[in-house]
Engineer: 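Below is the structure I would like to discuss, written out as structure tokens.
Counting begins at 1 with the first residue of the sequence.
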Amino acid sequence: DFTLSRCCNPRPGDDVFGFLTINEGIKIHRNLCPNAQQFLSNYGNRVIKARWASQLEKSYLVTIELAGFDRVGMIQDISNVISGELSINMRGLSVETFDGLFEGKIKVYISDTAHLDELMQKLEEIEGVNSVVRAQTDQ
């Protein structure tokens with residue numbers, strides 16, 4: 001019995017560990033979680049090795065942040081990669097532009113980190129996109 005931690009939103013394919021909580025059972029955290037160092041140094045006896053079992057049928061919400069140079073058709077190109085080319089279900093898209101630049105957040109459902117990596121690589125290939133990163137939280 002476990003739950004996924006909200007502080008780092010682990011997804012299948014992430015390197016993870018379990019942390020035995022007092023009242024909530026085992027919580028799964030990413031190894032790169034902001035709280036990982038504290039758990040390991042202060043509560044090492046409550047840290048449990050963990051790995052993902054195969055979960056091909058399940059999808060997880062992930063937020064991607066991207067930025068670059070704004071141009072006509074940018075949102076359409078982004079949407080075509082996500083929905084058309086990769087057939088990924090999108091939950092939300094928000095984009096703001098200012099002085100010829102754009103910043104956006106996209107919420108998508110992915111099956112694992114390999115799926116996410118493929119999406120991020122395709123988004124980076126779009127003309128005008130300068131950065132694509134996974135958001136620290138998926139809220």
Engineer: For E124 and N130, what are the C-alpha separation, side-chain angles and deciding distance, and is it a side chain to side chain contact (heavy atoms under 4.5 Å, CB included)?
Structural biologist: CA-CA 7 Å; E124 286 175 343; N130 289 341; over 6 Å; no
Engineer: Look at the aromatic rings of H29 and F19 and report parallel, tilted or perpendicular, splitting at 30° and 60°.
Structural biologist: perpendicular
Engineer: Begin with the C-alpha distance, continue with both residues' side-chain angles, and end with the deciding distance and a verdict on side chain to side chain contact (heavy atoms under 4.5 Å, CB included) for K122 and L86.
Structural biologist: CA-CA 9 Å; K122 294 279 187 183; L86 297 176; 4.1 Å; yes
Engineer: Could you check R46 against I22 for side chain to side chain contact (heavy atoms under 4.5 Å, CB included), going step by step and ending with a plain yes or no?
Structural biologist: CA-CA 10 Å; R46 293 169 49 191; I22 294 173; 3.7 Å; yes
Engineer: F2 and side chain to side chain contact (heavy atoms under 4.5 Å, CB included): which partner among I26, I48, L20?
Structural biologist: I26
Engineer: Contact between C33 and C7 at the side-chain level, heavy atoms closer than 4.5 Å - yes or no?
Structural biologist: yes
Engineer: Determine whether M120 and L66 satisfy the following criterion, side chain to side chain contact (heavy atoms under 4.5 Å, CB included), listing intermediate values before the conclusion.
Structural biologist: CA-CA 9 Å; M120 291 175 61; L66 61 161; over 6 Å; no
Engineer: May I have all residue pairs that pass salt bridge (Lys or Arg N to Asp or Glu O under 4.0 Å) and include part of residues 16-28, sequence neighbours excluded?
Structural biologist: E24-K27
Engineer: Which residue is it: V132, V81, V62? I am looking for the one with a side chain to side chain contact (heavy atoms under 4.5 Å, CB included) to L119.
Structural biologist: V81
Engineer: Is the shortest heavy-atom distance from the side chain of R30 to the side chain of N9 under 4.5 Å?
Structural biologist: no
Engineer: Nearest 0.5 angstrom please: I106 CD1 to S94 OG, how far?
Structural biologist: 8.5 Å
Engineer: Please give me the minimum heavy-atom distance between A36 and F17, naming the atom from each residue.
Structural biologist: CB-CE2, 3.8 Å
Engineer: What I want to find out is whether D15 reaches R51 closely enough, with some N-O distance under 4.0 Å, to be called a salt bridge.
Structural biologist: no
Engineer: Does D14 come within less than 4.0 Å of R134, counting only side-chain N to carboxylate O?
Structural biologist: yes
Engineer: Once rounded to the nearest 0.5 Å, what's the spacing between atom OG1 of T21 and atom CZ of F39?
Structural biologist: 9.5 Å
Engineer: Can you find a heavy atom in the side chain of Y109 that is under 4.5 Å from one in the side chain of I88?
Structural biologist: no
Engineer: Between CD1 of I126 and CZ of R71, what distance do you get to the nearest 0.5 Å?
Structural biologist: 7.5 Å
Engineer: Measuring from M90:CE to I82:CD1, what's the distance to the nearest 0.5 Å?
Structural biologist: 4.5 Å
Engineer: Roughly how far apart are E118 CD and L123 CG, rounded to 0.5 Å?
Structural biologist: 10.5 Å
Engineer: Could you grab the distance from atom CD1 of I78 to atom CG of L93, nearest 0.5 Å is fine?
Structural biologist: 7.0 Å
Engineer: Does a side-chain heavy-atom distance below 4.5 Å link E103 with F98?
Structural biologist: yes
Engineer: A side-chain contact here means heavy atoms from C-beta on lying under 4.5 Å apart; do V129 and F102 qualify?
Structural biologist: yes
Engineer: Any side-chain heavy-atom pair from V133 and I64 closer than 4.5 angstrom?
Structural biologist: no
Engineer: Please determine which of T113, L4, L116, D112 meets the side chain to side chain contact (heavy atoms under 4.5 Å, CB included) test together with Y60.
Structural biologist: L4
Engineer: Please confirm whether the backbone N or O of I75 pairs with a side-chain atom of S79, one donor and one acceptor, at under 3.5 Å?
Structural biologist: no
